[in-house]
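As the structure lists them, so they are numbered: ligands from 1, and atoms in each ligand from 1.
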Amino acid sequence: MDWWKDTLIYQIYPRSFQDSNGDGVGDIPGIISRLDHLQELGVGAIWLSPVYKSPNADNGYDISDYREINPEYGTMEDMDRLIGEARARGIRIIMDLVINHTSTDHYWFRQSRDKNSAYADYYYWARGGADGSLPNNWTGFFGEDCWEFDPQRCEYYLHLFAKTQADLNYHNPEVLEEVKDIMRFWLRKGVAGFRCDVINILWKDSLESSPKRLALTGSEHYLSLEGTHEILRELRQVLDEYDAMTVGETVFVTPRQARDLCAPERNELNMVFSFEHMECDQYFLKWFKRKFRPKAFFDCLTKWQRELDWNAVYLENHDQPRSIPRFGSERYWKESGKLLAVLALTLRGTPFIYQGQEIGMLDFDFTRMRQLNDVESKNVEKILRRFHIPQKLRWKIIRRASRDNARTPFQWTDGPNGGFTDGRPWLGVNHNCERINLAQQEADPDSIWSWYKALSALRRETEVLRRGTFEPLEAGKQVFAYRRASGEDACTVVLNFSDQPAEAAHRGAVMMDNYGRETFDGRMQPWEAVILRQGN
Ligand code: ISL
Ligand code: CA
């Protein structure tokens, strides 16, 4: 019960983790060959981004068969072997469950093009206006129209994401039954749970146009509605047969909505990925970046820590730029990488570490649009062109916010392609792999990697760091301090988010300090992070 509260979870983006056969694409045998790395980090579970059959319009988030493995990644035998090999190391596997939409290559969708087929109502189909207008005025997540005309059916289908990601229609009870079967299929194989993609938008209450004309027009018809809660409670029954856990990716969610999605007594999700703390460096949309304001970040984290009893804690994933250039400092790469590690592993909740975070990987070093792969970046670049935004500015916008920033291959060594592949990588390896790579950091007891290992071990051994309460102590312009307490035991965490020194009002015996200090008098170096036993 609640095993996921004591565990560190590691996210693998399979395409970019480890290639085993020289085709330039990461794969499941590659993951198996690196399980020892994860075991050393003290990982208790892996969240695997999608490995199902997919035409890869959105790198696996467009699934064409939920019961098959994408041949680029291996076979079902490889997958079974991964589950077994991971289990032998005490590591569980969490699958990515993408059920808001399927690929238009999915059998259901192909059948659905025929109005008389048994699958006719598996998706949202609608007629356009007589004047050639779309069925409604909603906008999609990837900056395009969210309706596409199908010449065979002579109707439009809804797609809130890419054109080839058609939204499933949960008004049809058969769709939910299909999903339950898929979940059972994987749970029977021994997976421990699911990360549920955009799970708070499943239920669309109507397809009416919206009077709101901001970005995401129409979202009041699908964001966190009661219909979604009902679906989640049904799915929970399947999960309970296997004691499985779920973490929901929930877009635009407020703390209150998050509570409704994961309060234990409501039997829906176990925790959610919320986004508010990822928005402290933007105006309204991620494409409009502003200077990162640590104070806003601390306040936001504090709010979420207080409002939810338990939640997923993350600073990186495959949709977000890397955390060091964003919340830390490239100038103090090592110090700020370690500080962010402390933050991620000492807040209350289940920490999720994204591949490469544990060695302080940075954003891509591409110089041209051509080097990018992500469908979202390409769409947005097209829109910027349409608005006659000059090339230089377009590139600046894309470079800072593109999802490809975190998708470059894992840097294992300083050798060719960072040891990721013997072939040509599907996405360019960052040239900084000469400086930032696992092999080098394994040999260095003072590296970010060594720090992550030590922190992870400390968290495992220290109950109060896992289960203790969260009490905010200080959230200033640059210093963030909080206390974790449980019975007689307590720890205080003090973090200096700045290239400048700081003074903090906290004292105590040092458990860990990224400047190697043994006593702490409140004076802090740039990006210093300290964990104190007791303290206040
Ligand atoms: O990165 C985003 C857009 O700027 C987010 O809005 C993202 O699209 C949203 O978090 C949903 O993400 C998930 O579903 C998408 C997929 O492309 C993402 O990779 C996935 O994490 C559609 O399946
Ligand atoms: Ca491969």
Side-chain angles (χ1 to χ4, degrees), residues 11 13-33 47-52 54 56-63 69-75 78 96-103 139-144 146 159-168 195-202 215-216 219 223 247-253 272-276 278-279 282 284-289 314 316-321 352 354 373-380 383 397-398 400-407 409 417 420-426:
Q11 182 191 354
Y13 195 68
R15 229 179 159 65
S16 296
F17 193 57
Q18 175 70 70
D19 179 23
S20 72
N21 60 354
D23 66 355
V25 174
D27 46 49
I28 296 172
I31 297 174
I32 297 172
S33 74
W47 149 27
L48 207 55
S49 274
V51 289
Y52 315 95
S54 160
N56 278 330
D58 189 17
N59 291 338
Y61 285 91
D62 49 326
I63 298 171
I69 299 296
N70 181 343
E72 284 180 296
Y73 296 152
T75 61
D78 291 328
D96 213 314
L97 190 68
V98 187
I99 55 169
N100 176 66
H101 43 266
T102 73
S103 164
T139 53
F141 281 71
F142 287 166
E144 22 170 37
C146 58
H159 65 92
L160 288 178
F161 293 89
K163 265 191 197 46
T164 56
Q165 289 169 303
D167 282 55
L168 284 164
R195 175 268 186 186
C196 308
D197 193 61
V198 288
I199 201 70
N200 62 328
I201 68 169
L202 290 190
L216 276 200
S219 57
L223 275 184
V247 49
E249 187 211 24
T250 48
V251 288
F252 300 101
V253 72
V272 303
F273 291 119
S274 62
F275 285 75
E276 204 181 329
M278 293 305 220
E279 293 162 1
Q282 73 189 39
F284 190 53
L285 284 178
K286 72 173 187 181
W287 307 103
F288 307 123
K289 288 284 180 202
Y314 75 100
E316 289 189 14
N317 64 37
H318 65 296
D319 290 335
Q320 302 285 340
F352 284 76
Y354 177 65
N373 165 277
D374 182 23
V375 55
E376 184 195 48
S377 299
K378 289 183 177 168
N379 285 348
V380 168
I383 295 170
I397 292 171
I398 298 286
R400 267 199 73 187
S402 171
R403 306 194 296 180
D404 280 345
N405 275 309
R407 295 180 179 182
N417 296 316
F420 164 70
T421 180
D422 297 334
R424 222 180 95 97
W426 74 280

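- The atoms of ligand 1 that sit less than 4.0 Å from any heavy atom of Lys286 are 1 (O), 3 (C), 4 (O).
- Judged purely by atom type and a 3.5 angstrom limit, Thr421 uses its side chain to pair as donor or acceptor with the backbone of Gly423.
- Tested against Tyr52 for a side-chain contact (heavy atoms from CB on, under 4.5 Å), the candidates Ile63, Ile69, Asn70, Asp62 yield a single pass: Ile63.
- Applying the 4.0 Å criterion to heavy atoms of Arg407 picks out, from ligand 1, the atoms 19 (O).
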Residue pair Asp78, Thr75: steps toward the side-chain hydrogen bond (donor to acceptor under 3.5 Å, both in side chains) verdict:
CA-CA 5 Å; Asp78 291 328; Thr75 61; 3.3 Å; yes
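- Heavy-atom distances between Met278 and ligand 1 stay at or above 4.0 Å for every pair.
- Taking every heavy atom of Val198 and a limit of under 4.0 angstrom, the matching atoms of ligand 1 come to 11 (C), 14 (O).
- Listed by number with element, the atoms of ligand 1 under 4.0 angstrom from any heavy atom of Phe142 are 8 (O), 17 (O).
- Counting only distance, with no hydrogens or angles, the side chain of Arg195 and the backbone of Ser49 share no donor-acceptor pair below 3.5 Å.
- Interface of His101 with ligand 1, defined as ligand atoms under 4.0 Å from a residue heavy atom, comprises 22 (C), 23 (O).
- Exactly one residue among Phe161, Trp287, Tyr61 makes a ring-ring contact (aromatic ring centres under 6.0 Å, His included) with Phe142. That residue is Phe161.
- Here Gln320 has no heavy atoms under 4.0 Å from ligand 1, in either its backbone or its side chain.
- Minimum interatomic distance between Glu72 and Asp27 (heavy atoms only, all atoms of both residues): O-CB, 3.7 Å.
- Tyr73 places no side-chain N or O within 3.5 Å of a backbone atom of Val25 that could act as its donor or acceptor partner.
- Residue His318 has at least one heavy-atom neighbour below 4.0 Å for each of these atoms of ligand 1: 18 (C), 19 (O), 20 (C), 21 (O).
- Close contacts of ligand 1 with Phe275, meaning ligand atoms under 4.0 Å from a residue heavy atom, involve 10 (O).
- Atom 20 (C) of ligand 1 has as its closest protein heavy atom Asp197 OD1, 3.1 Å.
- Rounded to the nearest 0.5 Å, atoms CG (Asp19) and OG (Ser33) are 9.5 Å apart.
- Within a 4.0 Å radius of atom 5 (C) of ligand 1, the protein contributes no heavy atom.
- Ring orientation note: the planes of Phe273 and Phe352 are nearly perpendicular, at an angle over 60° on the 30°/60° scale.
- Test Leu216, Asp197, Val198 against Val251 for side-chain contact (heavy atoms from CB on, under 4.5 Å) and you get one pass: Val198.
- Nearest to atom 10 (O) of ligand 1 among the protein's heavy atoms is Glu249 OE2, 2.6 Å.
- Of all protein N, O or S atoms, those under 3.0 Å from the Ca ion (ligand 2) number 5.
- Of all heavy-atom pairs between Ser54 and Asn56, the closest is OG-N, 2.8 Å.
- Between Phe17 and Phe420, the closest heavy-atom pair is O-CD1, 3.5 Å.
- Nearest to atom 19 (O) of ligand 1 by heavy atom, out of Ile201, Val380, Asp319, Ile63, is Asp319.
- With a 4.5 Å cut-off on side-chain heavy atoms, His101 and His159 do not count as touching.
- When only non-hydrogen protein atoms are considered, atom 17 (O) of ligand 1 lies nearest to Asp58 OD2, 2.4 Å.
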